[in-house]
Each structure stands twice: as C-alpha cells, then as structure tokens.
Novice: 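Let me give you the structure first, and then I'll get to my questions.
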Protein chains: 2
Amino acid sequence: MVTLNAAELLAALGHESRLAVFRLLVEAGPEGMNPGVIGEKLEMAPATLSFHLAHLSRVGLIRGQKESRFIRYCADYGTIDELVAFLTKNCCGGEACLAKSAGSGTAAKRRIRKITS
Amino acid sequence: MVTLNAAELLAALGHESRLAVFRLLVEAGPEGMNPGVIGEKLEMAPATLSFHLAHLSRVGLIRGQKESRFIRYCADYGTIDELVAFLTKNCCGGEACLAKSAGSGTAAKRRIRKITS
DNA sequence: ACAATACTTCTATAATATTCGAAATATGGT
DNA sequence: ACCATATTTCGAATATTATAGAAGTATTGT
C-alpha cells in the first residue's frame, strides 16, 4: 500500500460520523446494513449519511450492493486489514507491533523500550 | 480509547504531509528529529511544517522537547499502539486481527471468510 | 550588543469538507 | 397507473483545514 492510499483511508475514518458508520458495519458482519437502519441508529439525515457512505465506498472501506429497493452495505475487511498492516509495519513501534513486523528493516528497530511513567 | 479520540488520531494521520512527518519520526526512532531536518527532507515551508507538528503534538502522536535552539520531535509509540489496538479490536475483521482480538465479543466474529476474487 | 539560526505564532487567503433541504431515481405494493 | 418507500444526487450555505509570507521569540556565536 502506498502512503497516499493509506492517508486516504485514515482520512476517511478520521471523522466521527464515518468512523461510527464503519464500526456499525463491522459489527453487523457479512449481513451488512441498509442506509435506512444506519441512519436511524446514528440519527443522521439521509443526504448526510449518503455522502459519508459514498466516501467510505470510494476509498474501499465498505461496499454497497443493491437489493431491490434497499442497498446492503458491508465493511470490506480486506481494506481495513491492509491499513492495520500498513500502520503496524510503517508507523508502529510497540512491542506487539514490532514482533509482528519483524524483518521490515527500518530504523524503528532502534527503538528502546518505553518507560511507563 | 473512545471513538472521538480515535477519530482525532485517524484524522491527524489522514493527511499526506502529516503521515509523512509521522513516518519519518517513527523511522528516526528515539533520536527524533528537528523541524529543520524534517522540513528539508520533506520540502515543506517552516510555517506549514510547524502547523502540522502542532497538530500531531496536540493529539499525542508526537512529542517535542526543546533542546537549546532546536526542538527534538519524537513519535509517541504508545499512542499509535493504542490506535492500532483500537482498530484491531473495533474495526478489523481480518484473520490476523481476529486472532489478536479474540474474545472482544462483538458480532464481527460472525464474519465468514472472504473469497479472494 | 549584534547578527545569525531555529522555530513558532500571526494573519490572510485559498482550498476542501460537511451539512441537509429539495428534487430526482428506482423499486415495490395496490 | 399511482402512491409510498429507499436512497441518491443536486445545490447552496457554512465550517474547517491547509498554506505560507511576515513578524515575533529564543538562543547561540562573535
């Protein structure tokens, strides 16, 4: 994943409403959820919600599939997995993270153990 | 971590320049780096860089410490670790992620294996 | 004391994102 | 065919964020 792409994904999730929508869809699992239900749960105006759903779709974090009159939106787990992998590999310095990204070959390995103040 | 806070962190990293700055500081390790060097590497105007450093500082992703005429900025690994943990627990449905967050008790566990089309 | 360096804060401007009413589109029910 | 429902797109107002020159604050060297 390129940095540009990662920034796009991060920005998409970096908004309270969109993060809430995405979390709801992750929670909903493969069943997904319609805008109607989402809007009711999160108390968002249809047009506003549609705008955010379009944004999340555009960057690939969710996917919508028309089913008769409804649209079933589902979280795209592959994309969020990639984002987490990117953060772990490139941005993370934690013990857990270092273990996973071992061998990524960056100077981050120089990191000394943080003292929990 | 609350969602509000997570959204703030994601938004902070959701900008190409700030993500680049943060990655550079992670890469730099505990040694950190001065704005002068960062600005040179990333070709950013001092005022612009200062603005982004302030933003990253405000949300706790980096920390600056004055040293004579310079300021040493360092990545705060604890914060990014928390963010990755949040994503893994609340937003992630991947195999790797599920393994780590096992027992978080959300409906995400219902997820079926994605078919790689 | 003065000049140079390292950075920040101030200020204005430009660019982008967010919100949501209203109109449009599509589908299903009667 | 017509009405209701689900959702999107349009459009316009508002709010937020980004950019960077210029001025300000420290600090070091001479």
Side-chain angles (χ1 to χ4, degrees), chain A residues 3-25 28 31-76, chain B residues 3-25 28 31-76:
Chain A
T3 312
L4 174 75
N5 195 15
E8 253 179 21
L9 295 181
L10 289 162
L13 291 176
H15 184 278
E16 254 201 289
S17 303
R18 277 192 302 267
L19 184 56
V21 168
F22 183 71
R23 291 229 292 155
L24 204 57
L25 289 177
E31 293 247 329
M33 207 178 269
N34 317 126
V37 180
I38 299 170
E40 206 176 304
K41 290 212 183 219
L42 302 181
E43 296 183 60
M44 294 174 85
T48 306
L49 176 57
S50 197
F51 168 82
H52 289 307
L53 286 169
H55 190 160
L56 288 168
S57 271
R58 188 164 40 72
V59 302
L61 280 163
I62 66 175
R63 232 175 313 182
Q65 168 181 18
K66 199 159 191 186
E67 271 174 24
S68 87
R69 220 176 344 178
F70 304 86
I71 301 180
R72 181 194 299 274
Y73 278 101
C74 296
D76 188 323
Chain B
T3 312
L4 174 75
N5 195 12
E8 254 179 21
L9 295 180
L10 289 162
L13 292 176
H15 185 277
E16 257 200 286
S17 303
R18 276 191 304 265
L19 184 55
V21 168
F22 183 71
R23 292 229 292 156
L24 204 56
L25 288 177
E31 293 247 328
M33 207 178 269
N34 318 123
V37 179
I38 298 171
E40 206 175 305
K41 292 213 182 215
L42 301 180
E43 298 182 60
M44 294 173 86
T48 305
L49 175 57
S50 198
F51 168 82
H52 289 306
L53 287 170
H55 189 161
L56 288 168
S57 271
R58 186 163 42 73
V59 302
L61 280 163
I62 66 174
R63 234 174 312 182
Q65 167 181 18
K66 199 159 191 188
E67 272 174 24
S68 88
R69 224 180 337 182
F70 304 85
I71 301 180
R72 180 195 301 271
Y73 278 101
C74 295
D76 187 323

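Quick note on labels: first sequence line is chain A, next is B, and so on, each numbered from 1.
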Novice: Output all residues satisfying side-chain contact (heavy atoms from CB on, under 4.5 Å) with A/Arg58, sequence neighbours left out; order by chain, then residue number.
Specialist: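 Listed in chain order: A/His55.
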
Novice: Restricting to non-hydrogen atoms, name the atom on A/Ala11 and the atom on B/Gly14 that form the minimum distance, rounded to 0.1 Å.
Specialist: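 A/Ala11 and B/Gly14 have their closest heavy atoms at CB-O, 3.3 Å.
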
Novice: Rounding to a whole Å, what distance do you find between A/Met44:CE and D/dT8:P?
Specialist: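 Going from A/Met44 (CE) to D/dT8 (P), I get 12 Å.
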
Novice: Write down the distance between CD (A/Gln65) and P (D/dT7), rounded to a whole number of angstrom.
Specialist: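 Rounded to the whole Å, the gap is 14 Å.
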
Novice: Nucleotide by nucleotide, 5' to 3', does protein get under 4.0 Å of the base (B), only the sugar-phosphate (S), or neither (-) in nucleotides 4-17 of chain C, counting heavy atoms?
Specialist: -BSSBB--------

Novice: B/Leu10 has an atom CG; how far is it from atom P of D/dT17, in whole Å?
Specialist: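 Whole-Å distance recorded here is 15 Å.
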
Novice: Identify the heavy atoms of A/Gly60 and A/Asp76 that sit nearest to each other, and give their distance.
Specialist: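 Closest pair (atom of A/Gly60, atom of A/Asp76, distance): O-CB, 3.4 Å.
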
Novice: Could you check how far CD of B/Glu16 sits from C1' of D/dT17, rounded to whole Å?
Specialist: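 Whole-Å distance recorded here is 15 Å.
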
Novice: Is there a side-chain polar atom (N or O) of A/Thr48 under 4.0 Å from OP1 or OP2 of C/dC20?
Specialist: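 So the side-chain polar atoms of A/Thr48 do come within 4.0 Å of the phosphate oxygens OP1 or OP2 of C/dC20, strictly under.
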
Novice: Nearest whole angstrom, please: distance from the C1' of D/dT27 to the CD of B/Glu67.
Specialist: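 Taking atom C1' of D/dT27 as the reference, CD of B/Glu67 is at 14 Å.
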
Novice: Tell me, please, which residues at least two apart from B/Arg72 pass side-chain contact (heavy atoms from CB on, under 4.5 Å).
Specialist: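 B/Arg72: side-chain contact (heavy atoms from CB on, under 4.5 Å) contacts with B/Glu67, B/Cys74.
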
Novice: Measure CG/B/Leu56 against C1'/D/dA18 and give the value in whole Å, please.
Specialist: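 From B/Leu56 CG to D/dA18 C1': 14 Å.
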
Novice: Within the structure shown, what part of the strands sits under 4.0 Å from A/Ser68 by heavy-atom distance: base, sugar-phosphate, or nothing?
Specialist: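 Sugar-phosphate, no base atom in range.
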
Novice: What's the shortest heavy-atom distance between A/Leu19 and B/Ala6, and which atoms?
Specialist: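 Where A/Leu19 meets B/Ala6 most closely, the heavy atoms are CD2-CB, 4.1 Å.
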
Novice: What's the separation between atom CG in B/Leu13 and atom CG in B/Leu56, rounded to the nearest 0.5 Å?
Specialist: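 Taking CG in B/Leu13 and CG in B/Leu56, the distance rounds to 6.5 Å.
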
Novice: For a quick test of your reading: what N or O donor-acceptor pairs under 3.5 Å do the side chains of residues 36-53 of chain A make, sequence neighbours left out?
Specialist:
residue, atom, partner, partner atom, Å
A/His52, ND1, A/Arg18, NH1, 3.1

Novice: Between atom CG of B/Leu25 and atom CZ of B/Arg23, what is the distance when rounded to the nearest 0.5 Å?
Specialist: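 Reported to 0.5 Å precision, the distance equals 12.0 Å.
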
Novice: Polar-atom pairs under 3.5 Å, protein N or O versus N or O of nucleotides 11-14 of chain D: list them with distances, or write none.
Specialist:
none

Novice: List for me each residue that meets side-chain contact (heavy atoms from CB on, under 4.5 Å) alongside B/Ile71, sequence neighbours excluded, and say none if there are none.
Specialist: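 Scan of B/Ile71 (side-chain contact (heavy atoms from CB on, under 4.5 Å), adjacent residues dropped) gives B/Pro35, B/Lys66, B/Tyr73.
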
